[in-house]
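Here the structure is laid out as structure tokens; the discussion comes afterwards.
These numbers were taken from a predicted model, which means no experiment stands behind them. Atom set for the values below is all heavy atoms of this structure, side chains included, hydrogens, waters and symmetry mates excluded. Residue numbers begin at 1 in each chain, while the letters A, B, ... track the order of the sequences.
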Number of protein chains: 2
Amino acid sequence: MAKAETPSPEELMKLDNFLCFAIYSANHAFTRVYKPLLDELDLTYPQYLVMVALWEKDDQTVGSLGEKLFLESSTLTPMLKRLEAMGYISRVRDRADERQVRVRLTEIGRALKEKASTVPLGIVDATGMEPAEIGRLKKEIATLRASLLR
Amino acid sequence: MAKAETPSPEELMKLDNFLCFAIYSANHAFTRVYKPLLDELDLTYPQYLVMVALWEKDDQTVGSLGEKLFLESSTLTPMLKRLEAMGYISRVRDRADERQVRVRLTEIGRALKEKASTVPLGIVDATGMEPAEIGRLKKEIATLRASLLR
DNA sequence: AGCTATTAAATCGCGTACGATATAAATCGA
DNA sequence: TCGATTTATATCGTACGCGATTTAATAGCT
């Protein structure tokens, strides 16, 4: 019986057959969908992800945020400074270990969670997918990410 | 019988349940996997995607490249200038329509395709997935992208 | 205690990425 | 044909994102 064939090098070199490109362009597409929703909150898409991480667990170090978001301190530090300047978070050196910086929500930052509560529905809507289907795809991609980072 | 329930707002607000975050972080993961492979070619990951598009179809305008890659001229113009400075492509105003810039591979740029031919295999390998599975996932994500851009 | 190694953030340089705007060329209409 | 509109790139300002390096603080070892 016919086995699945290894794709020819020609087929492998077509942009539209690249899984990485699908992900690359879907990521940009998400950014565009989020833009109008996040403009209301004065957040960029990456900033929003940081806020989501903090709403889920307040008082984290730069390092632990970086682990969760898969970002380096060289990316986070400037972003966090902007969020601080906007009054959404505070950045304070840890008294017990002065190497670490503790990132905490301000009252305003915490309150923003309510205002942001309608965002996920808007996104789910834009995907045109059922929640269960979204969950399955999300899981598959998270598994892929884990393989890539191995 | 039990129907799939709509997730609670609490569940919806957890970072690890975000499809967008899975894609966002998988995209970064791909960038990291590509890095060592593309260093050999002196290309960044986005530059590589442009080259792939040109290897597939030479002599394109900035606009048509942008459509295929979902990028704006404000992103492409500087990128293309770098690829031109590296000697991989040429940028020439179209004689018939001076508004357009035709992007063409140089001999060196064309030759680079051979050197890049082993890259896709390395990536497939890093995904830990079967080609058929990769194709299916790629298709799902492309469909998602289309929904988001609708 | 004192020296070394490690760790956590921050800084720097470079390359995307986009929205808004500018510039220049082609098209369209009266 | 000429003026207004549209189209194709380019430019500018802002914000990621990372690798390499720096700085400062802690941990670890003798």
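Shown for residues 82-100 of chain A: residues whose heavy atoms fall under 4.0 angstrom of DNA chain D, namely R82(A), A96(A), D97(A), E98(A), R99(A). Less than 4.0 Å separates DNA chain D from at least one heavy atom of each of the following residues of residues 53-79 of chain B: T61(B), V62(B), G63(B), S73(B), S74(B), T77(B). A heavy atom closer than 4.0 Å to some atom of DNA chain D occurs in T44(A), P46(A), Q47(A), these being the qualifying members of residues 21-49 of chain A.
Nearest heavy atoms, M13(A) versus V52(B): O-CG1, 3.5 Å.
Here the two rings, on F30(B) and Y24(A), have centers that are 6.0 Å apart or farther.
A perpendicular orientation is assigned to the rings of W55(A) and Y48(A), their planes being inclined by more than 60° (bins at 30° and 60°).
A salt bridge links D97(B) and R99(B); the closest N-O separation between the charged side-chain nitrogens and carboxylate oxygens is under 4.0 Å.
Within the 4.0 Å cut-off from OP1 or OP2 of dT11(C), at least one side-chain nitrogen or oxygen of K81(A) is found.
Between atom NZ of residue K115(B) and atom CG of residue L43(B) there is a gap of 9.5 Å, rounded to the nearest 0.5 Å. Taking CD1 of I134(A) as the start and CG of N17(B) as the end, the distance is 11.0 Å to the nearest 0.5 Å. To the nearest 0.5 Å, the span separating CE on M129(B) from CG on L148(A) amounts to 9.5 Å.
Under a 3.5 Å cut-off, the side chain of T75(A) and the backbone N or O of L71(A) do not form any donor-acceptor pair. Proximity of a side-chain donor or acceptor of T106(B) to a complementary backbone N or O of G87(B) within less than 3.5 Å is detected.
Each of R104(B), Q100(B), K68(B), E67(B) was evaluated against Q60(B); a single residue qualifies, K68(B), per the side chain to side chain donor-acceptor pair (under 3.5 Å) test.
Atom CG of L80(A) is separated from atom P of dA8(C) by 16 Å (rounded to the nearest Å).
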